[in-house]
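Worksheet: the structure to be examined is printed underneath.
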Amino acid sequence: MADSAELKQMVMSLRVSELQVLLGYAGRNKHGRKHELLTKALHLLKAGCSPAVQMKIKELYRRRFPQKIMTPADLSIPNVHSGPMPATLSPSTIPQLTYDGHPASSPLLPVSLLGPKHELELPHLTSALHPVHPDIKLQKLPFYDLLDELIKPTSLASDNSQRFRETCFAFALTPQQVQQISSSMDISGTKCDFTVQVQLRFCLSETSCPQEDHFPPNLCVKVNTKPCSLPGYLPPTKNGVEPKRPSRPINITSLVRLSTTVPNTIVVSWTAEIGRNYSMAVYLVKQLSSTVLLQRLRAKGIRNPDHSRALSTYDKLISFV
């Protein structure tokens with residue numbers, strides 16, 4: 001049986017119709033908006049659901065993200081309107097979600113917002129679909145300490161074949177993470193800032209080396225339905241060259257719900273490029289002060305080039321951001 005963390009992320013990837021089926025199956029109220037349904041489903045997990053309900057979660061999840069185009073034999077698995085699953089059907093008999101023959105490393109998947117679909121519609125995943133959690137590492141940032149990984153590096157993938165694409169991600173904060181963020185509020189300046197931040201990063205889907213931040217073309221981000229501010233465009237270096245945004249981590253803390261019961265959603269839209277694929281990740285980080293950076297340099301005894309550059313440009317960057 002899947003552990004609670006895996007089941008939680010499976011539930012968070014379900015659509016409205018599937019959440020309603022799950023709550024109805026468990027004998028719970030299945031009416032409300034998506035965030036209300038998701039909250040009820042997460043409370044169901046927290047209270048300790050029965051093995052039959054856990055199997056129903058896995059069944060809905062496998063139908064949401066099947067391994068291949070279903071055949072009549074595959075459809076012999078009980079559908080979402082069936083009663084409790086037979087005891088002979090175990091997790092090992094349900095095909096694991098794979099891409100190009102490789103198992104996915106995490107169950108958290110992007111959820112398309114391109115329109116409602118029937119709850120039994122089976123999306124046709126082709127072998128060209130990129131892995132959801134590629135083995136991608138982003139470059140470490142000298143200004144921040146990494147506290148937690150809220151969404152692992154995840155390919156921007158959509159079931160829309162058009163050039164302009166959109167997909168959605170969701171994550172929830174633990175009580176400890178909510179406490180870390182709320183207690184880090186700094187109101188000493190002209191505006192309210194947090195030293196513990198939720199940071200959104202984009203990069204190329206490359207595994208050869210740690211990746212620097214790299215925005216997809218025509219990037220647009222909404223956090224909990226609110227538009228997210230992105231860096232302004234740099235002036236083009238040549239006539240006729242399309243202006244580009246400077247790629248850097250995006251602080252979305254002010255748009256995040258500091259709640260343990262209501263999940264956060266991130267909607268990403270971008271323009272697809274031939275031969276280039278992109279990934280996104282969400283981290284919980286702590287911003288380091290120049291004093292801390294200096295202390296670390298002294299403790300090491302040897303001046304690290306990255307930290308030296310970070311220290312020398314710290315105040316300039318902070319004022320710019």
Side-chain angles (χ1 to χ4, degrees), residues 2-13 35 38-39 42-43 45-46 104-111 131-156 167-186 192-203 205 207 210-214 221-224 226 228 247-268 278-289 292-293 296 306-307 310 318 321:
D3 60 30
S4 58
E6 183 181 0
L7 287 170
K8 177 180 176 181
Q9 296 197 56
M10 286 184 180
V11 167
M12 290 178 65
S13 71
H35 72 88
L38 194 51
T39 298
L42 292 174
H43 276 305
L45 277 181
K46 189 175 180 181
S105 60
S106 170
L108 179 60
L109 296 176
V111 183
V132 173
H133 283 154
D135 187 20
I136 289 174
K137 302 293 183 184
L138 283 99
Q139 289 182 354
K140 292 183 179 180
L141 300 173
F143 294 149
Y144 302 91
D145 275 347
L146 177 62
L147 301 180
D148 217 337
E149 197 172 46
L150 302 178
I151 299 180
K152 294 181 179 181
T154 303
S155 291
L156 294 181
T167 192
C168 178
F169 303 86
F171 68 93
L173 297 173
T174 65
Q176 180 184 2
Q177 291 166 346
V178 171
Q179 174 64 22
Q180 286 177 302
I181 297 171
S182 58
S183 63
S184 74
M185 184 183 297
D186 179 13
C192 177
D193 290 319
F194 295 89
T195 55
V196 175
Q197 303 173 0
V198 179
Q199 195 177 77
L200 173 63
R201 300 183 69 181
F202 294 89
C203 69
S205 295
T207 59
Q211 296 297 300
E212 62 182 12
D213 293 85
H214 196 127
V221 178
K222 289 185 178 180
V223 180
N224 296 321
K226 296 180 180 180
C228 177
S247 299
R248 63 171 180 262
I250 305 169
N251 180 8
I252 61 173
T253 315
S254 62
L255 302 176
V256 169
R257 298 187 183 103
L258 298 183
S259 168
T260 60
T261 57
V262 182
N264 292 277
T265 59
I266 301 176
V267 179
V268 179
Y278 293 86
S279 292
M280 63 83 72
V282 179
Y283 299 104
L284 187 67
V285 299
K286 182 177 181 180
Q287 188 178 44
L288 300 177
S289 65
V292 172
L293 288 169
R296 292 187 179 182
D306 289 338
H307 281 82
I318 293 303
V321 173

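Everything numeric in this text was worked out from a predicted model, so none of it was measured.
Here the straight-line distance linking atom NE2 of His43 with atom CG of Leu45 works out to 11.0 Å at 0.5 Å rounding. Note that CZ of Phe169 is 12.5 Å distant from OG of Ser13, once rounded to the nearest 0.5 Å. Note that the CG atom of Asp193 and the OG atom of Ser254 stand 9.5 Å from one another [nearest 0.5 Å]. To the nearest 0.5 Å, the span separating CG on Leu138 from CE on Met280 amounts to 10.5 Å. Rounded to the nearest 0.5 angstrom, Ser184 OG and Leu147 CG are separated by 9.5 Å. In this structure, CD in Gln197 is found 5.0 Å from CD in Gln287, a value given to the nearest 0.5 Å.
When all heavy atoms are compared, the tightest approach of Pro249 to Leu141 is CG-CD1, 3.4 Å. Pro263 and Met12 make their closest contact through CB-CE, 4.1 Å (heavy atoms, listed as atom of the first residue, atom of the second, distance). Closest of all the heavy-atom pairs between Gln177 and Asp148 is NE2-OD2, 2.7 Å. Taking both residues in full, the closest heavy atoms of Arg257 and Asn264 are given as N-OD1, 2.6 Å, listed atom of the first, atom of the second, then distance. Closest heavy-atom contact between Ile181 and Phe194: O-CD2, 3.2 Å. Contact record, Leu173 with Leu258: CD1-CD2, 4.2 Å, taken as the closest heavy-atom pair.
Of the charged side-chain nitrogens involved, at least one lies within less than 4.0 Å of a carboxylate oxygen, so that Arg296 and Asp145 count as a salt-bridged pair. Using a cutoff of 4.0 Å between basic side-chain nitrogens and carboxylate oxygens, Arg201 and Asp213 are scored as salt-bridged.
The backbone N or O of Val198 lies less than 3.5 Å from a partner atom in the side chain of Thr253, making a donor-acceptor pair. Side chain of Thr154 to main chain of Lys152: a donor-acceptor pair is present (N/O by atom type, distance under 3.5 Å, no hydrogens or angles). Side-chain N or O atoms of Thr260 include none that pairs as donor or acceptor with a backbone N or O of Pro175 at under 3.5 Å. Put simply, the side chain of Thr39 gets close to the backbone of Thr261: a donor and an acceptor are under 3.5 Å apart.
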Q. Run the side chain to side chain contact (heavy atoms under 4.5 Å, CB included) check on Val268 and Cys168 step by step: do they pass?
A. CA-CA 6 Å; Val268 179; Cys168 178; over 6 Å; no

Q.
Is there a side chain to side chain donor-acceptor pair (under 3.5 Å) between Asn251 and Gln199? Walk through the geometry before answering.
A. CA-CA 5 Å; Asn251 180 8; Gln199 195 177 77; over 6 Å; no

Q. Between Val196 and Val285, does a side chain to side chain contact (heavy atoms under 4.5 Å, CB included) hold up when you go through it step by step?
A. CA-CA 6 Å; Val196 175; Val285 299; over 6 Å; no

Q: Could you go through the side chain to side chain contact (heavy atoms under 4.5 Å, CB included) check for Val221 and Ile266 one step at a time?
A: CA-CA 7 Å; Val221 178; Ile266 301 176; 4.0 Å; yes

Q: Kindly determine whether Leu288 and Phe143 satisfy side chain to side chain contact (heavy atoms under 4.5 Å, CB included), including the steps that lead there.
A: CA-CA 5 Å; Leu288 300 177; Phe143 294 149; 5.6 Å; no

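Taking the six-membered ring for Trp and the full ring otherwise, the centers of Phe202 and His214 sit at least 6.0 Å from each other.
Considering only residues two or more places apart in sequence or on other chains, Thr195 meets the side chain to side chain donor-acceptor pair (under 3.5 Å) condition with none of them. Listed by chain and residue number, Val223, Lys226, Cys228 satisfy the side-chain contact (heavy atoms from CB on, under 4.5 Å) test with Leu255 (two or more places apart in sequence, or in another chain).
Within the 4.5 Å cutoff, the side chain of Asn224 has no heavy atoms near those of the Val262 side chain.
More than 12 heavy atoms of other shown residues, nucleotides or ligands fall within 6.0 angstrom of atom CD in Gln139.
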